[in-house]
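The structure appears right after this line, and notes come after that.
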Protein chains: 2
Amino acid sequence: MLSKKSKYSIKALVYLAREYDKGPVLISHISESEHIPKKFLEAILLELKNAGILGSKKGFGGGYYLIKKPEDVKLTQVIRLTNGPIALLPCVSLNFYQRCEECVDEKTCGISQVAMQVRDATLAILENTSISDVLKKEQTPAKNRK
Amino acid sequence: MLSKKSKYSIKALVYLAREYDKGPVLISHISESEHIPKKFLEAILLELKNAGILGSKKGFGGGYYLIKKPEDVKLTQVIRLTNGPIALLPCVSLNFYQRCEECVDEKTCGISQVAMQVRDATLAILENTSISDVLKKEQTPAKNRK
DNA sequence: CAATAGTCTATTAATCCGATAGAGTTTATA
DNA sequence: TATAAACTCTATCGGATTAATAGACTATTG
């Protein structure tokens, strides 16, 4: 499951993608429009800025804006940043690998083999979905849910 | 990410699948062999019993054993039981659905559309992988990791 | 009846999550 | 240059969850 932080991040980025190239956007605008607690959002945006995705301008007329192009911000990057590993198990994570303490031999561990399959299937989607893709989806509503 | 509980559950079930039809197995045997804290494992096995997957026998010569056939225990069932939702977001979960508070309209939410894709890809694997499949994988080591 | 082994209740420490408070710093502009 | 706007930083908070442990209890078997 994604954390709220992660979900909020994506929502905020999509919002900023909609305003791309229109100058800085106020935290409070995003907060109100997307129903995200303002102080929480502050921390999130700061983190996205430190990661090089957003830029900010202080003072009067300031705000946050996308520094990278919407199509260059992949969901994998955002999720890893705000939520951590994408894999089901640390021992199959590409970016957050940690040895499995219980395992005698990772190679013969059946669970990790399944976890790898899931990881690859998930990455295939998230690697190829950018913030601009998400924005596009919003504009063409889903045909059928579930 | 899967919780330790979930991972331990699967490891224990695979162990019991290996001993399928050979009578009850001691908690302490599983605990030692799989490096799972005994008391924690106790609670887990009890839960799997209450879910109808395992049976138990008390007293001398007692222990736990699989009640369902290894090929009938799907990973989806075990994970939902011990870890909760499989989906990335509650609003696209089939078994643990919860409305998304921030969303004005779920149908036009781009994130949930992506989350649905991921959910379906994940389920396609986990629905079709049983404890006996995991056991088989252990016997034929992975060719190439990562 | 005694030893074995699962059952139940409860408590714990540690961690993380989501959220908030408040002081500080930078900047535009009147 | 003073002021208000707006981001920045530190810090703290309650609550939930996770992982693990302790101990008393109950059922079974030889």
Side-chain angles (χ1 to χ4, degrees), chain A residues 1-12 16 23-32 34-51 53-67 79 81-85 88-90 96 98 100-102, chain B residues 1-12 16 23-32 34-51 53-67 79 81-85 88-90 96 98 100-102:
Chain A
M1 296 273 287
L2 288 186
S3 59
K4 293 231 173 184
K5 185 178 176 185
S6 220
K7 191 173 156 194
Y8 291 163
S9 301
I10 299 171
K11 291 216 170 197
L16 289 172
V25 177
L26 291 185
I27 296 180
S28 54
H29 280 180
I30 306 175
S31 158
E32 280 161 30
E34 300 297 319
H35 305 102
I36 304 172
K38 187 171 174 226
K39 275 291 185 177
F40 197 11
L41 183 58
E42 264 184 46
I44 290 171
L45 295 177
L46 189 54
E47 207 170 323
L48 294 173
K49 181 194 164 186
N50 292 334
I53 298 172
L54 299 181
S56 73
K57 203 179 164 199
K58 285 184 176 183
F60 194 93
Y64 276 97
Y65 51 89
L66 267 167
I67 250 181
I79 291 175
L81 192 65
T82 57
N83 202 61
L88 289 181
L89 296 175
F96 298 85
Q98 270 187 301
C100 172
E101 307 118 34
E102 307 92 48
Chain B
M1 295 272 289
L2 288 186
S3 60
K4 293 231 172 185
K5 185 178 175 185
S6 219
K7 190 171 157 196
Y8 290 164
S9 300
I10 299 171
K11 291 217 170 197
L16 289 171
V25 177
L26 292 183
I27 296 179
S28 55
H29 280 181
I30 306 174
S31 157
E32 281 160 30
E34 301 297 319
H35 304 102
I36 304 172
K38 190 175 170 220
K39 275 292 186 178
F40 196 12
L41 182 59
E42 265 183 43
I44 290 171
L45 294 177
L46 191 55
E47 206 171 323
L48 294 174
K49 181 194 162 186
N50 292 333
I53 299 173
L54 298 181
S56 71
K57 205 181 162 196
K58 285 186 175 182
F60 192 92
Y64 276 97
Y65 51 89
L66 267 168
I67 247 181
I79 291 175
L81 192 64
T82 57
N83 202 62
L88 288 182
L89 296 175
F96 298 83
Q98 271 187 297
C100 173
E101 308 118 34
E102 306 93 48

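The analysis underlying the following values was restricted to heavy atoms, covering all of them including side chains, and did not include hydrogens, waters or symmetry mates. Chain identifiers are assigned alphabetically (A, B, ...) following the order of the sequence lines, protein sequences preceding nucleic acid strands; residue numbering begins at 1 within each chain.
- Spacing between atom OH of B/Y65 and atom P of C/dA5 amounts to 16 Å, rounded to whole angstrom units.
- Ranked by how close their nearest DNA chain C nucleotide is to the 5' end, A/G59 and A/S6 are led by A/S6.
- When the P atom of D/dA5 is taken as reference, atom NZ of A/K38 falls 11 Å away, rounded to whole Å.
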Derivation of the side chain to side chain contact (heavy atoms under 4.5 Å, CB included) call for A/H35 and A/K11: CA-CA 10 Å; A/H35 305 102; A/K11 291 216 170 197; over 6 Å; no

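- When every heavy atom of A/L26 is checked against every heavy atom of A/G62, the shortest pair comes out as CD2-O, 3.6 Å.
- Here C/dA19 presents its C1' atom at 14 Å from CD of B/E101, a figure rounded to the nearest Å.
- Comparing D/dT28, D/dT21, D/dC7 against the side chain of B/P37 picks out D/dT21 as the nearest.
- Between A/E47 atom CD and D/dT10 atom P there is a gap of 14 Å when expressed in whole angstrom units.
- Counting to the nearest Å, the P atom of C/dA19 and the CG atom of A/L41 are 11 Å from each other.
- Listed here is the closest heavy atom pair of B/L81 and B/E47: O-OE2, 3.6 Å.
- Atom CG of B/L2 and atom P of D/dT17 are 18 Å apart (whole Å).
- Side-chain atoms of B/E42 lie closest to D/dG23 of the nucleotides C/dG18, C/dG22, D/dG23.
- B/S56 places no side-chain N or O within donor-acceptor distance of the main-chain N or O of B/G63, the cut-off being under 3.5 Å.
- Using modelled atom types, one side-chain atom of A/S31 and one backbone atom of A/I36 make a donor-acceptor pair closer than 3.5 Å.
- Considering only side-chain atoms of B/I27, the nucleotide from D/dA22, D/dC7, C/dG6 that sits closest is C/dG6.
- Side-chain proximity of B/F60 to C/dT4, D/dA27, D/dG23: nearest is C/dT4.
- Spacing between atom NZ of A/K58 and atom P of D/dA4 amounts to 19 Å, rounded to whole angstrom units.
- Side-chain proximity of A/L26 to C/dA21, D/dA22, D/dC7: nearest is D/dC7.
- Closest approach to the A/K39 side chain among C/dG18, C/dG22, C/dT27 is made by C/dG22 (side chain taken as heavy atoms from C-beta onward).
- Within the structure, a side-chain polar atom (N or O) of B/Y8 is placed less than 4.0 Å from OP1 or OP2 of D/dA20.
- Nearest-nucleotide positions on DNA chain C place A/K4 closer to the 5' end than the other of A/K57 and A/K4.
- If you take NZ of B/K5 and C1' of D/dA20, they are 13 Å apart, rounded to a whole angstrom.
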